[in-house]
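Below: one structure, written as structure tokens.
All of these numbers come straight from a predicted model, not from anything done at the bench.
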Amino acid sequence: MDDFSKTIDECLKILEENVDVLANLEMDLEDEKEDEVVHSLELHDLYDMAEDVSRTSKIKRAETNLVRRQTENL
């Protein structure tokens, strides 16, 4: 049983060390999808898109912080 808890601790340590790297990778992949050029947008469309980006960014940051706190508590 002691070996199992050591293995779990090691896995959590590795995960904690790499949470930022994984989050950045995910954000980079999402950024690539958002680099598409859209023609003939109205001003209200741009405003809506800016709000969507802001909300998405806040959600991603909250998710990352939640995962970090959960790994710290284990």
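The side chain to side chain donor-acceptor pair (under 3.5 Å) test applied to N65 returns R68, not counting sequence neighbours. Residues forming a side-chain contact (heavy atoms from CB on, under 4.5 Å) with L43 (at least two apart in sequence, or on another chain): none. Partners of E42 according to the side-chain contact (heavy atoms from CB on, under 4.5 Å) rule, which considers only residues two or more places apart in sequence or in another chain, are H44, D45. In this view, D52 and R55 satisfy the salt bridge (charged side-chain N to carboxylate O under 4.0 Å, His left out) rule, not counting sequence neighbours.
A side-chain donor-acceptor contact under 3.5 Å links T71 to the backbone of V67. Distance alone, capped at 3.5 Å, is enough to place a donor-acceptor pair between the T64 side chain and the K60 backbone.
Atom OG1 of T56 sits about 9.5 Å away from atom CD of E63, to the nearest 0.5 Å.
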